[in-house]
Amino acid sequence: KRVVAFISGGGSNMLALAKACATPDFPAQIVAVFSDKADAGGLAKAEALGIPTRFFLRKDFASKEAHEAAILAALDALAPDLLCLAGYMRLLSGTFINRYEGRILNIHPSLLPLFPGLNTHQRAIDAGMRIAGCTVHFVTEGMDEGPVVVQAAVPVVPGDTSDTLAARVLTVEHRSYPLALRLVAEGKVRMEGGKAVASGTL
Ligand code: GRF
């Protein structure tokens, strides 16, 4: 399966996906990395792996629609099967999502439905949680609320800061996203009727 990854920052999740895709018999390959930031650290990491990159700056376009149209046109030329949002800090419009319905994955640094949105680690600490984690889900119009494919949990320990918790959650993000991508790319999990459903024997 052909994958385009979307990043806005360091791209550690994109790197984890790229490493997984490079293992024998992995059912997906990353054909390009797109970003909305010209200086996203992950762009250099992708290029070092020989993965083509492009960035699309919102300020270069008159509207969100025009920005998305440029991205969609670039995607059409690549004909990806799946899109993997990995630290991509922009909300996609319903038009964009419908174009790739059931074929967009995202990773969020909390155990959804807890803590959608931003600053998830500090919110979990402030709420007194003793467990945190990440969620890989299909992207739907609502933010951080699509059907879940894979979750992984880590302990929250007394004294944790958002940085120490973020680092602990990242370690399971880098295992969860490749697992989710494999399941979807090999057709074992798909989105149907707004749910993540198994389509074969696991
Ligand atoms: C990660 O916590 C990810 O869950 C969130 O953005 C953070 C940075 O991701 N979406 P990355 O290192 O850019 O992949």
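We count ligands from 1, going down the list as the structure has it; atoms in each ligand are counted the same way.
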Using the side-chain hydrogen bond (donor to acceptor under 3.5 Å, both in side chains) criterion, which residues pair with Arg123? Sequence neighbours excluded. none

Can you list, by chain and residue number, every protein residue with a non-hydrogen atom closer than 4.0 Å to ligand 1? Gly10, Gly11, Ser12, Asn13, Gly87, Ile107, Pro109, Leu170, Glu173

Distance-only check: which donor-acceptor pairs under 3.5 Å involve side-chain atoms of residues 23-32, not counting sequence neighbours?
residue, atom, partner, partner atom, Å
Thr23, OG1, Ala20, O, 2.5

If we ignore hydrogens and angles and just use 3.5 Å, is the side chain of Ser176 paired with the main-chain N or O of Gln151 as donor and acceptor? no

Check Ala198 against Arg190 and note the closest heavy-atom contact, atom names and distance. O-NH1, 3.7 Å

Which side-chain N or O atoms in residues 76-84 pair as donor and acceptor under 3.5 Å with protein atoms at least two apart or in another chain?
residue, atom, partner, partner atom, Å
Asp76, OD1, Arg99, NH2, 2.7
Asp81, OD2, Arg2, N, 2.6

What distance do Phe96 atom CZ and Asn98 atom CG have between them, rounded to the nearest 0.5 Å? 11.0 Å

